[in-house]
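In what follows, a single structure is set out as structure tokens and then discussed.
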Amino acid sequence: MAVDLSFSTSPLSEEIRAQGEAGRAAEDILTVLEQRGILVPEAVRGRITRRMDPHVMRDWFRRAFAVAVAGQVFGDE
């Protein structure tokens with residue numbers, strides 16, 4: 001019996017995986033900020049959780065370890 005694996009390589013499947021990865025990245029960024037005692041306003045939290053670009057999220061994650069206020073994770077965007 002053949003198994004249909006076409007969904008696992010479809011654009012929809014890739015989009016779902018990317019959303020999951022972005023969601024985990026957002027959680028990690030927020031966790032770092034919160035563990036450092038940095039207040040995360042709702043506007044900043046929303047911007048972080050809406051972002052889907054993994055390269056941008058990676059930059060924000062790295063910045064989360066050094067910023068003084070949450071909004072600084074965005075850099076010069």
Side-chain angles (χ1 to χ4, degrees):
M1 172 168 55
V3 177
D4 181 9
L5 298 176
S6 60
F7 178 75
S8 65
T9 59
S10 71
L12 177 59
S13 176
E14 290 176 17
E15 183 179 338
I16 291 169
R17 272 194 298 278
Q19 288 175 355
E21 291 170 8
R24 285 188 296 277
E27 288 177 19
D28 291 345
I29 293 165
L30 295 171
T31 298
V32 169
L33 293 171
E34 291 165 357
Q35 287 296 310
R36 293 188 58 226
I38 295 175
L39 176 68
V40 182
E42 283 303 313
V44 171
R45 181 179 302 277
R47 186 170 171 189
I48 291 170
T49 58
R50 285 189 304 271
R51 183 61 119 176
M52 291 292 148
D53 184 330
H55 300 292
V56 172
M57 299 293 278
R58 190 172 321 135
D59 289 342
W60 290 357
F61 179 73
R62 290 180 182 136
R63 288 186 198 130
F65 288 96
V67 298
V69 295
Q72 292 175 331
V73 297
F74 306 126
D76 297 325
E77 295 181 3

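This structure is a prediction, so every number in the text was calculated from the model and none was measured.
You'll find the side chain of Phe61 stays beyond 4.5 Å of the side chain of Arg58, heavy atoms only.
Taking both residues in full, the closest heavy atoms of Leu33 and Ile48 are given as CD1-CD1, 4.3 Å, listed atom of the first, atom of the second, then distance. Across every non-hydrogen atom of Leu30 and Thr49, the tightest pair is CD1-CG2, 4.0 Å. Nearest heavy-atom pair, Ala64 versus Val67, reported as atom, atom and distance to 0.1 Å: O-CG2, 4.1 Å.
No continuous path of ILVMFWY side-chain contacts below 4.5 Å connects Val69 to Val73, so the two sit in separate hydrophobic clusters.
The side-chain hydrogen bond (donor to acceptor under 3.5 Å, both in side chains) search around Arg62 returns none, not counting sequence neighbours.
The salt bridge (charged side-chain N to carboxylate O under 4.0 Å, His left out) contacts involving residues 25-37 comprise Glu34-Arg45, where partners must be two or more places apart or lie in separate chains.
A side chain to side chain contact (heavy atoms under 4.5 Å, CB included) with Met57 is found for one member of Arg24, Arg51, Met52 and no other, namely Arg51.
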